[in-house]
2 protein chains.
Amino acid sequence: MSLPHAILTALLERPSSGLELTRRFDKSIGYFWSATHQQIYRELGKLEAEGHIRALPPEQPARGQRKSYEVLPAGRAELERWTAAAQDPKPLRDALLLRLRAAAVVGTAGLEGDLRRHLQLHRRQLEEYREIERRDFPPGKDGPQDRLHHLILRAGIDLETFWTQWLAQALEELPDLPGGPGGGTDVTDGTASSDGARTTPSR
Amino acid sequence: MSLPHAILTALLERPSSGLELTRRFDKSIGYFWSATHQQIYRELGKLEAEGHIRALPPEQPARGQRKSYEVLPAGRAELERWTAAAQDPKPLRDALLLRLRAAAVVGTAGLEGDLRRHLQLHRRQLEEYREIERRDFPPGKDGPQDRLHHLILRAGIDLETFWTQWLAQALEELPDLPGGPGGGTDVTDGTASSDGARTTPSR
DNA sequence: TGAACCATGTAAGGAGTTACATGATTTC
DNA sequence: GAAATCATGTAACTCCTTACATGGTTCA
């Protein structure tokens, strides 16, 4: 039940059309709550039906027919309620850790390449966050909103930092591990997928 | 598409009944891929229909009528395939960060208590992980499987460490911020919606 | 013999993803 | 005037969650 609140937040920050929201959910709020345009349009419809937002009359000579929405008092109240309400943290769910656990049983063959790719992606994301920090939060700036936004950004930075470090360490340890199926315990029929390329101890 | 593979991994580690799996998904694999018993039973049915697992004949005088499952070669092959296949990391999705972003607009009133609670929960989880590390990974132990399992555990430890540190810092900064909507220095709201999207690149 | 629990399952619905549809506008 | 793209939307499907159902077992 967070998507409507993500949208309310975004619309309070700036009234927008569906497409503008979609664009903004590729950055900014989307960094920690992503959404596709289909989700957004559907949710805009619901929020309007509930009286939480309304379409703005097209003041500019609307080219295309984009509808912009703004938040109504009821919507703001709902967002306040939700923000203050207690919510349990969701348990971690990470496919990469699961794959490593699986690899402990069936072997690490074929894993290294994708770990390397993930490392690159996380490094890139980390760089992007740091760039934003340099640009938007220079030393002098610290209004109350800035402080909160900076805090959120630092969560992103620290998380990406964790992943890059952890992945780098995983890659260091990986080449020493058996690559094929039957990596530890089990009887293995030896017929299964062999993969030559992985014997390179790259590093 | 990760639940079936989580189950295959668990069953390879040890053949189990639905209920045993459910129990094991409260710990161990469940630490990074949780599942309810409904999900598990449904998925066991599918996996059996696909020929990836099969029910073991009840060798013990089955009290109750628990069915235990074991993985068939086809299931193991599928798990190998999945483990080696490239997968994109899922974008971060965190309701707490979203709430902070919302709080930057509607005020932080009511947030502190829940942040404190989250901090406690994360500290407890961190302690649990450290306890497991002490118990299961003493200095001497490092077979190939141990190394992988330890690596996974360290990911959990480092993530919880991050959250505890980040939450502690958030709580330090929070009291200085305006608590209610307009309930503080309302300078931020006069020009409000124009600058909400601070982390959004120029536009 | 009734209460509590064990073990497996069904049903309904919410939330997210993927693929496709439609009309308007810009561009070549 | 055809092609590309903009902007909004529908439809179908998967995955997960919540609530409930059913029959067996233990034990007081």
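Each chain gets a letter, A, B and so on, in the order its sequence line appears, and its residues count up from 1. Values below: every heavy atom of this structure, side chains too, minus hydrogens, waters and symmetry copies.
Counting only residues at least two apart or in different chains, ring-ring contact (aromatic ring centres under 6.0 Å, His included) contacts with residues 103-132 of chain B comprise Tyr31(B)-Tyr129(B), His122(B)-Trp163(B).
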At under 4.0 Å between heavy atoms, how does the protein contact nucleotides 14-21 of chain C? Give one character per nucleotide, 5' to 3', with B, S or -.
-SBBBB--

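Panel note: side chain Arg124(A), backbone Leu119(A); no donor-acceptor pair is recorded below 3.5 Å. At least one donor-acceptor pair closer than 3.5 Å links the side chain of Thr83(B) to the backbone N or O of Leu79(B).
Taking atom NZ of Lys67(A) as the reference point, atom P of dG23(C) lies 16 Å away to the nearest angstrom. The distance between atom CD1 of Ile40(B) and atom P of dT8(C), rounded to the nearest whole Å, is 11 Å. Across the protein-nucleic acid pair, Leu19(A) atom CG and dG9(D) atom P stand 11 Å apart, rounded to whole Å. For the pair Phe25(B) CZ and dC15(D) P, the computed distance is 15 Å after rounding to whole Å. Atom C1' of nucleotide dT17(D) and atom CG of Asp88(A) are separated by 14 Å, given to the nearest angstrom. One interatomic measurement links the two molecules: CG of Leu21(B) to C1' of dA7(C), which rounds to 13 Å at whole-angstrom precision.
For the pair Tyr41(A) and dG9(D), the criterion of a side-chain N or O lying under 4.0 Å from OP1 or OP2 is not met.
Residue Thr22(A) is out of contact with every strand shown, counting any heavy-atom pair closer than 4.0 Å.
Ser16(A) and Arg23(A) are not linked by any side-chain donor-acceptor pair at a separation below 3.5 angstrom, with hydrogens and angles left out of the test.
A pairwise comparison of heavy atoms in Phe25(B) and Ala35(B) identifies CD2-CB, 3.9 Å as the closest pair.
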Let me have the donor-acceptor pairs involving side chains of residues 2-12 of chain B, under 3.5 Å, with sequence neighbours excluded, atom names and distances please.
{"unit_1": "His5(B)", "atom_1": "ND1", "unit_2": "Met1(B)", "atom_2": "O", "d": "2.8"}
{"unit_1": "His5(B)", "atom_1": "NE2", "unit_2": "Glu78(B)", "atom_2": "OE2", "d": "2.9"}
{"unit_1": "Thr9(B)", "atom_1": "OG1", "unit_2": "His5(B)", "atom_2": "O", "d": "2.8"}

